[in-house]
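In the text below, chain A, chain B and the rest are named by the order of the sequence lines, each starting its count at 1. Remember, it's a predicted structure, so these values are computed and weren't measured experimentally.
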Amino acid sequence: MSKSSDFFEQVYQVVRLIPKGRVTSYGAIASYLGTKGSSRLVGYAMNAAHGVLPPVPAQRVVNRNGLLTGKHHFGHPGRMQELLEAEGVLVKDDQVADFKNRFWDPAVALAL
DNA sequence: AAGGTGACAGTTT
DNA sequence: TAAACTGCCACCT
């Protein structure tokens, strides 16, 4: 019953709602959860997202610059970019192409 | 129990 | 203009 109290679980829920082919930022998720200053916790949560079921598409979460900061945490660098490209998200120089257009804001998409 | 960690973000120099 | 520092807070040892 106290599972929902886990901050990580909250993050996972939002990340799993990210549509395929879209990406969001750590700060956007943190802000949506009401913990704007805890953007680092979102990244930290992703660190523990490995092996979590249902799977958490952490590759769709990048920093506010659209940079694949956590690519080194996918077991092997390049795996994150590969996953994104497989979903239609072009990545150039470890950065999401047309990031602003690909950005998916939970505060807007999940509004109401 | 207390301290250190970190896949960010915003501000200042 | 770019680079560096600080704040932030839940999880881990």
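Atom NE2 in A/H76 sits about 18 Å away from atom P in B/dA7, given to the nearest Å. One atom, CG of A/N65, and another, C1' of B/dA9, lie 9 Å apart when rounded to the nearest Å. Between A/Q59 atom CD and B/dA7 atom C1' there is a gap of 13 Å when expressed in whole angstrom units. One interatomic measurement links the two molecules: CZ of A/F7 to C1' of B/dG6, which rounds to 13 Å at whole-angstrom precision. Distance A/L41 CG to C/dA10 C1': 4 Å, rounded to the nearest Å. Rounded to whole Å, atom P of C/dC9 lies 16 Å from atom CD of A/Q10. For the pair A/L68 CG and B/dA7 P, the computed distance is 14 Å after rounding to whole Å. Summarising the geometry, the separation between CE on A/M46 and P on B/dG6 is reported as 17 Å, rounded to the nearest angstrom.
Across all non-hydrogen atoms, the minimal contact from A/F7 to A/L41 is CE2-CB, 3.5 Å.
Residue contacts shown for A/A49 are absent, as no nucleic acid heavy atom lies under 4.0 Å away. Residue-level contact check: A/N63 touches the backbone only, with heavy atoms under 4.0 Å from sugar-phosphate atoms and none from bases.
Taking the charged nitrogens against the carboxylate oxygens, A/R60 and A/E87 do have a contact shorter than 4.0 Å, which makes a salt bridge. Salt bridge status for A/R79 with A/E85: absent, with no side-chain N to carboxylate O gap under 4.0 Å.
Checking B/dC8, C/dC11, B/dA7 against every side-chain atom of A/F8, the shortest atom distance belongs to C/dC11. Distances from the side chain of A/R40 to the nucleotides B/dC8, B/dA9, C/dC11 place B/dC8 closest.
With hydrogens and angles left out, the side chain of A/S38 and the base of C/dC9 share no donor-acceptor pair within 3.5 Å.
Contact check, A/R64 against B/dG10: a side-chain N or O comes under 4.0 Å of OP1 or OP2. Contact between the side-chain N/O atoms of A/T35 and the OP1/OP2 oxygens of C/dC8 is not found at any separation under 4.0 Å.
Here the straight-line distance linking atom NE2 of A/H76 with atom CD of A/E82 works out to 9.5 Å at 0.5 Å rounding.
Each of A/G37 and A/Y44 was assigned the nucleotide of DNA chain C with the nearest heavy atom; the assignment lying further toward the 5' end belongs to A/G37.
In this structure, A/T24 contributes its side chain and A/W104 its backbone to a donor-acceptor pair below 3.5 Å.
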